[in-house]
Enquirer: 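Quick one: the structure is below, and I'll ask about it shortly.
Labels below follow one simple rule: chain letters A, B, ... track the order of the sequence lines, proteins then strands, and each chain is numbered from 1.
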Amino acid sequence: MSDDLFSPRPLSPTRDHLAGLNEEQHLAVTTTEGPLLILAGAGTGKTRVLTTRFAHILLHHLAWPEQILAVTFTNKAAREMRERVSHLLGKPVEGLWLGTFHSLCARMLRQHAPRVGLERNFTILDADDQIRLLKQIMAANSIDLKRWPPAQLMHHIQLWKDRALLPEQITSAHDIDFANGKARSLYETYQTRLKELNACDFGDLMLHMVTIFRTHPEVLKQYQRRFRYILVDEYQDTNTIQYLWLRLLAKHGDQPANIACVGDDDQSIYSWRGADVTNILRFEQDFPGATIVRLEKNYRSTPRILGAASGVIAHNESRLGKTLHSGLDGKTGEHIDVINAPDSDEEARIVAVKIRELHDTGHNFGDMAILMRAGFLTRAFEETLMRSGIPYQVVGGLRFYERAEIRDGTAYMRALAHPSDDLAFERIINVPKRGVGQVALTRLREHARERGLSLQRTLEERLTHKEIKGKAATTLSDFMACFSRARKTLAKEGHVVATQQLLEETGYLDMWRQDQRTVEAAGRLDNLGELLRAIGDFPDLEAFLEHIALVMDADSVQNDTQRVSLMTLHAAKGLEFRTVFLPGWEEGIFPSQRSMDEGGLASLEEERRLAYVGLTRARERAIISHADSRRIYANWQDSIPSRFIDELPDEHVSLHRPKQRERSSFGRNFWQRSDTQEASLPRSPSLSRPRPKASRAPIAIGATVKHKRFGIGVVLNSDSEHLTINFEDAGQKTLMAGFVEVLS
DNA sequence: ACGGCCGCCATTTTT
DNA sequence: TGGCGGCCGT
């Protein structure tokens with residue numbers, strides 16, 4: 001440890017930042033030598049420790065930035081860490097090896113690509129390309145695509161890659177029942193085709209690097225020497241190949257590596273994606289002599305929330321064991337509300353009412369989040385929130401680059417920058433429609449195959465030799481001419497102008513401009529505008545394409561204080577809110593039946609960790625709810641409360657059941673508060689029964705009403721549930737009857 | 001080649 | 001309930 005710490009250093013940033021740390025955090029930051037495992041519970045200042053440790057190493061000149069390897073799971077986490085370290089140091093840090101596993105591997109692989117049969121400018125395929133390629137291969141092998149879905153095989157290939165298994169290493173032990181035992185050979189063909197296309201998929205980024213490390217010790221040695229300090233975030237979520245990659249880099253020579261891994265076994269929720277909790281559980285064996293620091297002081301949530309979360313997670317058996325203590329002074333906080341709604345519609349309505357109430361008492365909408373087990377559950381909430389005029393955002397969902405127009409746009413760029421990128425070319429050859437269908441495309445592919453050329457080259461040759469006739473000949477000649485012009489522009493005026501010109505001349509932009517049918521067309525043009533703007537942030541197309549392939553969250557406009565966030569529990573990891581709503585705590589939904597069917601007890605424990613993650617997102621208040629009857633797609637299904645509700649310690653919980661359809665007034669007394677004992681009794685499933693119909697007197701047409709957000713309006717139409725109202729300011733809206741006050 | 005219609009199917013998804 | 005893929009008719 002460095003003596004610098006104690007030498008006189010007026011206003012040293014190090015001093016300042018070490019000063020705010022608690023004892024364990026301090027230890028985690030200053031134990032720079034040797035292996036270190038930081039078990040960081042939720043809300044214990046993990047990010048702060050990581051960034052301070054980073055800054056500590058740099059400030060004490062223990063290493064240069066380029067000698068530090070810092071790995072995160074998300075681009076967002078990497079970005080945040082970079083910003084915070086720069087902030088601590090008071091200047092931007094250059095040269096760091098900081099990024100996601102995949103982006104770091106991509107960076108390495110650009111250097112060593114020839115060793116695995118790729119050129120340096122290889123393309124990184126997106127999920128869509130992967131499936132399309134695999135589909136082609138399967139079709140060529142006369143496999144019934146309906147009986148054997150390509151997506152399923154893709155999934156298995158990914159799992160193999162996650163376990164560092166090359167095609168030749170697939171033995172009967174890993175093999176799967178697919179297409180009469182052809183899975184392994186299809187995997188092999190897929191890998192071969194990737195190399196022919198000078199492309200690799202996401203899994204390959206890691207697989208190739210591990211392969212290179214294993215087959216070229218001198219390359220590995222170079223990196224081992226370079227990285228004096230290694231930091232790993234979210235270690236509980238590493239899969240086998242990431243673990244191997246880390247171990248290859250960290251374990252060498254006699255002296256123990258300076259590897260620091262941060263994680264929380266209780267927040268491991270990605271095992272279904274290949275993450276292996278045992279990586280964190282066996283850290284001490286892997287790195288003998290490791291220091292273990294437990295961060296257990298939580299600075300986020302009230303003691304009650306911590307008590308509830310701890311109570312639930314205590315039911316798990318395979319844990320390293322941690323107990324969160326509150327690091328906040330003051331009150332124990334509010335009880336966890338557990339609300340029993342008669343049905344899922346009512347559940348959504350109750351949540352909406354509660355959101356209004358909290359908003360009226362000083363919450364921003366952005367202080368609240370609704371977190372649920374699965375994406376499809378958001379729908380009911382979206383509908384209700386929309387009708388109640390509560391602003392919301394759905395976090396997750398379709399990411400920017402996953403949208404059709406963005407993928408088309410990048411495919412155009414790929415085809416421009418990499419004439420041999422057949423997959424990109426295939427995607428756009430008939431977008432907009434140029435009369436090239438499946439038949440023409442297959443023929444073109446065959447010709448390309450025979451001549452060993454790319455699709456673009458083949459098409460050009462066939463056009464010049466007049467092997468393509470009729471209307472297609474003209475359209476395609478025009479199309480290819482666009483590319484040659486764009487290439488000239490690329491050389492003369494740069495990639496921004498060239499791309500714009502290409503999308504313009506090929507008619508791609510016009511295609512959306514002319515699309516009057518769909519409401520989304522305008523939004524798509526906006527997105528394309530954003531895409532074109534973003535290209536300018538990069539020196540060339542290569543850099544931009546690399547970015548778009550690896551950094552998927554181009555639209556991370558988070559931190560919206562004006563909207564309630566709706567998201568899955570998975571998406572909520574790492575976030576926090578003043579109030580968290582946790583709906584759908586019902587057997588079969590949460591814990592998910594499907595998950596438990598697949599993975600048994602281990603899955604149940606993972607579901608429980610999800611519950612733990614959900615609860616610990618809350619700073620002040622957690623509101624759990626469950627419905628007796630839930631609408632799933634078209635039909636209604638009775639449900640019983642989740643076992644996790646029973647696992648909540650009684651002393652932290654307050655149970656509620658809403659009064660029978662009291663709609664005339666809402667607000668303060670909406671819930672009938674009941675004693676814990678009393679309310680916990682009748683929690684059995686109700687028998688099938690007809691849908692409860694609202695029995696409230698409908699508000700008369702023509703009545704004047706007042707809405708919190710939209711103001712005064714006149715009722716144009718009404719049924720038992722909804723009102724159509726013409727508001728003086730806001731115009732015509734249809735909303736839930738419960739949200740208006742009748743004035744006359 | 002393409003558009004319309006029918007029927008199937010719906011977890012979680014950092015990269 | 002709604003989105004998507006495949007089949008069929010033009």
Enquirer: Do Lys46(A) and Asp264(A) meet the salt-bridge criterion of a basic N to acidic O distance under 4.0 Å?
Expert: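 Between Lys46(A) and Asp264(A) there is no salt bridge, as every charged N stays at least 4.0 Å from the carboxylate O atoms.
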
Enquirer: Side chain to side chain donor-acceptor pair (under 3.5 Å) with Ser592(A): which residues, sequence neighbours excluded?
Expert: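 Here no residue qualifies.
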
Enquirer: Stacking check: are the rings of Tyr270(A) and dT12(B) less than 5.5 Å apart at their centres and under 30 degrees in tilt?
Expert: no

Enquirer: Does Phe425(A) have any ring pair (Phe, Tyr, Trp, His ring centres under 6.0 Å) partners at least two apart in sequence or in another chain, and if so, which?
Expert: Phe479(A)

Enquirer: For dA1(B) and Asn430(A) - does any side-chain N or O of the residue sit under 4.0 Å from the phosphate oxygens OP1/OP2?
Expert: no

Enquirer: By the 4.0 Å heavy-atom rule, please label Tyr633(A) as base, sugar-phosphate, or nothing.
Expert: base

Enquirer: Scan nucleotides 5-9 of chain B against the protein and return all N/O pairs shorter than 3.5 Å with their distances rounded to 0.1 Å.
Expert:
none

Enquirer: Within the modelled atom types, does a donor on one side and an acceptor on the other bring the side chain of Arg373(A) and the base of dT11(B) under 3.5 Å apart?
Expert: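 When only heavy-atom distances are counted, Arg373(A) does not reach the base of dT11(B) through any donor-acceptor pair under 3.5 Å.
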
Enquirer: Using ring pair (Phe, Tyr, Trp, His ring centres under 6.0 Å) as the criterion, list what pairs up with His570(A), not counting sequence neighbours.
Expert: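 So His570(A) forms a ring pair (Phe, Tyr, Trp, His ring centres under 6.0 Å) with Tyr270(A), Trp272(A).
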
Enquirer: Measuring to OP1 and OP2 of dT15(B), would you say a side-chain N or O of Asn239(A) lies under 4.0 angstrom away?
Expert: no

Enquirer: Base, sugar-phosphate or nothing for Gln242(A)? Non-hydrogen atoms, less than 4.0 Å.
Expert: nothing

Enquirer: Can you list everything that forms a side chain to side chain donor-acceptor pair (under 3.5 Å) with His447(A)? Sequence neighbours excluded, please.
Expert: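 If we apply the side chain to side chain donor-acceptor pair (under 3.5 Å) test to His447(A), skipping adjacent residues, the hits are Arg462(A).
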
Enquirer: Can you tell me if the side-chain N/O atoms of Thr568(A) get under 4.0 Å from OP1 or OP2 in dT11(B)?
Expert: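 No, because none of the side-chain N or O atoms of Thr568(A) sits under 4.0 Å from OP1 or OP2 of dT11(B).
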
Enquirer: Produce the list of close N/O pairs, under 3.5 Å, pairing protein atoms with atoms of nucleotides 6-8 of chain C; give distances to one decimal.
Expert:
unit_1: dC7(C); atom_1: OP1; unit_2: Lys146(A); atom_2: NZ; d: 2.9

Enquirer: Identify, with sequence neighbours excluded, every residue that meets ring pair (Phe, Tyr, Trp, His ring centres under 6.0 Å) alongside Phe538(A).
Expert: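 In terms of ring pair (Phe, Tyr, Trp, His ring centres under 6.0 Å), with neighbours along the sequence ignored, Phe538(A) is linked to Phe544(A), His547(A).
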
Enquirer: Residues two or more places apart in sequence or in another chain: which of them pass side chain to side chain donor-acceptor pair (under 3.5 Å) with Arg110(A)?
Expert: Glu546(A)

Enquirer: Hey, can you pull the residues of residues 580-594 of chain A with a non-hydrogen atom under 4.0 angstrom from DNA chain B?
Expert: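 Going residue by residue through residues 580-594 of chain A, the ones with a heavy atom under 4.0 Å of DNA chain B turn out to be Ser592(A), Arg594(A).
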
Enquirer: Name the atoms and distances for all side-chain donor-acceptor pairs under 3.5 Å in residues 197-207 of chain A, with sequence neighbours left out.
Expert:
unit_1: Asn198(A); atom_1: OD1; unit_2: Glu119(A); atom_2: N; d: 2.9
unit_1: Asn198(A); atom_1: ND2; unit_2: Asn121(A); atom_2: OD1; d: 3.0
unit_1: Asp201(A); atom_1: OD1; unit_2: Lys161(A); atom_2: NZ; d: 3.0
unit_1: Asp201(A); atom_1: OD1; unit_2: Gly203(A); atom_2: N; d: 3.1
unit_1: Asp201(A); atom_1: OD1; unit_2: Asp204(A); atom_2: N; d: 2.9
unit_1: Asp201(A); atom_1: OD2; unit_2: Lys161(A); atom_2: NZ; d: 2.7
unit_1: Asp201(A); atom_1: OD2; unit_2: Tyr190(A); atom_2: OH; d: 2.9
unit_1: Asp204(A); atom_1: OD1; unit_2: Lys161(A); atom_2: NZ; d: 2.8
unit_1: Asp204(A); atom_1: OD1; unit_2: Gln191(A); atom_2: NE2; d: 3.1
unit_1: Asp204(A); atom_1: OD2; unit_2: Lys161(A); atom_2: NZ; d: 3.4
unit_1: Asp204(A); atom_1: OD2; unit_2: Asp201(A); atom_2: N; d: 3.2

Enquirer: Checking Ser625(A) now: which residues fulfil side chain to side chain donor-acceptor pair (under 3.5 Å) with it, not counting sequence neighbours?
Expert: Glu347(A)

Enquirer: With sequence neighbours excluded, tell me which residues meet ring pair (Phe, Tyr, Trp, His ring centres under 6.0 Å) with Tyr612(A).
Expert: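 Expected list: none.
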
